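All remarks here apply to the structure that follows.
Reminder, nothing fancy here: chain letters follow the sequence lines and each chain counts from 1. Computed from a prediction, not measured in an experiment: that's the story for all the values here.
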There are 2 protein chains.
Amino acid sequence: MTTKNATIKDVAREAKVSVASVSRVLNGLGGVTPATQKIVREVATRLHYVPDNAARSLITGRTHTIGAVLPDLYGEFFSELIRGIDLAARVHGLHLLVSSSHDGAEAAAAAVCAMRGRVDGMLILSEYVDAAFLEHNLPDKLPVVLLDSPVKSARYPVLNIDNRAGAIAMVRHLVEAGHQQVAFISGPKTSFNAQQREKGCRAAMAKHAPGVPLTVLDGNFSEESGYRAGQELLGRKPRPQAVFAANDMMAIGCLRAFKEAGLNVPGDIALAGFDDILISRYLTPPLSTVQVRIADLGRIALERLAGLLNPADKTPASVETLGCDIVIRESCGGKAGATVAPSKLRKSPRPLRT
Amino acid sequence: MTTKNATIKDVAREAKVSVASVSRVLNGLGGVTPATQKIVREVATRLHYVPDNAARSLITGRTHTIGAVLPDLYGEFFSELIRGIDLAARVHGLHLLVSSSHDGAEAAAAAVCAMRGRVDGMLILSEYVDAAFLEHNLPDKLPVVLLDSPVKSARYPVLNIDNRAGAIAMVRHLVEAGHQQVAFISGPKTSFNAQQREKGCRAAMAKHAPGVPLTVLDGNFSEESGYRAGQELLGRKPRPQAVFAANDMMAIGCLRAFKEAGLNVPGDIALAGFDDILISRYLTPPLSTVQVRIADLGRIALERLAGLLNPADKTPASVETLGCDIVIRESCGGKAGATVAPSKLRKSPRPLRT
DNA sequence: GTTCAAAATGTAAAAGCTTAGATTTTCGTC
DNA sequence: GACGAAAATCTAAGCTTTTACATTTTGAAC
């Protein structure tokens, strides 16, 4: 490429045909003689012609790009999520525009607006968006799929993790392994995932260890907050038999606190996390946790969105839930190696109204 | 937003001014009465007017988007890299289009071409691109910054990690800690980073343990390949005193093999990695490794690119190198806690031609 | 109340592409 | 060789914005 970019006119002139024919050939619209096609393709190649995306989008209204709005790119959760999205986007011939690190309603709104006209659809994972927000900030027809969201809307499909079932399965396992005194380290209050996990934990305790009080400590999903919770727990009398952290990073922090205090896990105290991030299996002891198939979550969300991109798709909005399995390693003292509860994708009918 | 998107004409009509005035107001070009400005802004807000990016790009030739072409999104290295890029992009008001998972020259070429016209500049990290490739596939004026690349070109700035110095520092530490018999687990032959790390290792051995042979085992950066290398090493007589893996994931696999064999690390054998991924500090024992400031790498690369976006910037292409520190934890038996060799960013003058 | 420069505003071209509709070519028939 | 339908090809409008240039308005000076 040594001169300025060739345009469709250059190709047309050089091939001695009209721009319409060039367009038809390059877009495979048919109605063009094989001979003409050959010439056009040759000239296009020779001139290194690549259609201008801006001009094309302007007229077709399509960008072949989808946007992913995420709260942050930090940590394995988001990296895996993006990976799943990216892989699926590639399959569908879609480009991926990512926007992250907006930790407030205005920042999220700005991110969403900045994407208007740049994308054909959006995947949104944010605490700050609710149905009203979306209706105010998004064009009517823009396909959107929400992730990890409490929104119930007739307009927006939602894809959630089955946090509740995952938490219930883990608590049940803990209790059945003989640990009735459970402490739960919660995630940030604003996180939908964290809320659901806590609810599941409470529900399971009520069911499987009725009457036994559940200790709940505040956490914010960071390793540091797990460490603090672990220290706090060390001083408690009686000490709980098991600790269930709302995510793996906090479990890791908690484990650090226990180790520093000379406590043996799982001998002295059992420990479990949530997410099954890569690190978990390499800890000593390997961490029992609830496995979330994060990349799958991204892939499924993108596929749902890709469906919506086709205007013929009239599938009504629904809330889907991606099941999670518990994976029992050594940190909670049960027999390791088991993977319980075959994962499943549940689909609830679209709730009426909002 | 309940009707179809408003255009600048709608705003002009509603505000009873010309489109030119609307454009001037919204772009802050001045030359417009405060009164008119007020009206225009009000109408724009009322109509939820957002300029169409495609039309704007078509005429300005700018997309305010940069593309990141990466081999894969898998693993912490790339997630951190993207994070650094994204953060910096946000600061510069740039959008980020990611394209990954192309594991061949054609796939990389396709990715690069598909981005043409969609981005104002590109960040490329790929084994498959060399200067010739770029000149053939990229528009002349498109700013590009290469990461982890052996390319030496007058046209493309390159930003590398100082793999060599990092490896040298680690080997030196190992030898000085009394481990002269070193085994190196190499990365994939095609990886520039892996090559440099191996070279550094060999150079350091020649210097600090002259005459002592270096055992080199093949690896491919995966945990599994590290595990295999570890097993292989178990059978060697004499067993090396230290193992230096070309990345942390292989060190982790190697550690697993040693643990399974009942070997004590660092008591029976010392172990070190490269990258300092998050997991490393949570291993038992915590892994000594060479710390690569990955997010910084992304940030610096983006900043270089952002500079290039400004046509006034005439900074010549150069090869920059981001220094790395060794962080000594417990896995290599030295005194833990030290961080050696203050990191630095070296900048070599642009090499002539190529 | 003119005059004139400066400020404000308006007009229209341009960007590169797709596509509806107009026009021309092709080719089998008679 | 004239006819007409089908196929191929072309013309030109239109997508939305920015911006150079033209025109109008403003307001100070006389």
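Under 4.0 angstrom from either OP1 or OP2 of C:dA15 there lies no side-chain N or O belonging to A:Thr7. For the pair B:Ser18 and C:dG10, the criterion of a side-chain N or O lying under 4.0 Å from OP1 or OP2 is met. Distances shorter than 4.0 Å separate some side-chain N or O of B:Tyr49 from OP1 or OP2 on D:dT17. Between A:Thr36 and D:dT9, a side-chain N or O to OP1/OP2 separation shorter than 4.0 Å is present.
Atom C1' of nucleotide C:dT19 and atom CZ of A:Arg56 are separated by 13 Å, given to the nearest angstrom. Put simply, CZ on B:Arg24 is 10 Å from C1' on D:dT18, counting in whole angstrom units. In this structure, A:Arg118 atom CZ and D:dT16 atom P are separated by 17 Å, rounded to whole Å. Distance, A:Asn53 CG to D:dT17 C1': 17 Å, rounded to whole Å. Remark: P of D:dT16 and CG of B:Asp52 are 7 Å apart, rounded to the nearest angstrom. In this structure, CG of B:Leu29 is placed 7 Å from P of D:dT19, rounded to the nearest angstrom. Atom CG of B:Asn27 and atom C1' of D:dT18 are 8 Å apart (whole Å). We find that CD1 of A:Ile8 is positioned 11 Å from C1' of C:dT19, with the value rounded to whole Å.
Taking every heavy atom of both residues into account, A:Leu123 and A:Ala301 meet most closely at CD1-O, 3.8 Å. For the pair A:Tyr156 and A:Ala131, the tightest heavy-atom approach, listed with the atom from each and the gap, is CE1-O, 4.5 Å.
Of the two residues contacting DNA chain D, namely B:Lys9 and A:Gln37, the nearest-nucleotide position lying further toward the 5' end is that of A:Gln37. For B:Val32 and B:Ile59, each mapped to the nucleotide of DNA chain C holding its nearest heavy atom, the one lying further toward the 5' end belongs to B:Val32.
Residue A:Ser21 is classed as a sugar-phosphate contact, given heavy-atom separations below 4.0 Å to backbone atoms only. Nucleic acid contact for A:Ser57: none, since no nucleic acid atom lies under 4.0 Å from a heavy atom of the residue. Across all strands, A:Ser23 comes closer than 4.0 Å to base atoms (heavy-atom distances).
Taking 4.0 Å as the cut-off between side-chain N and carboxylate O, A:Asp86 and A:Arg83 do not count as a salt-bridged pair.
Distance from the side chain of A:Ala20 is smallest for C:dA20 among the nucleotides C:dG10, C:dA20, D:dT9.
Of the N and O atoms on the side chains of B:Ser23 and B:Asn27, at least one donor lies less than 3.5 Å from an acceptor on the other residue.
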Practice item. Walk me through it: do B:Arg299 and B:Asp296 pass the test salt bridge (Lys or Arg N to Asp or Glu O under 4.0 Å)? Key: CA-CA 5 Å; B:Arg299 179 180 57 72; B:Asp296 272 355; 3.4 Å; yes
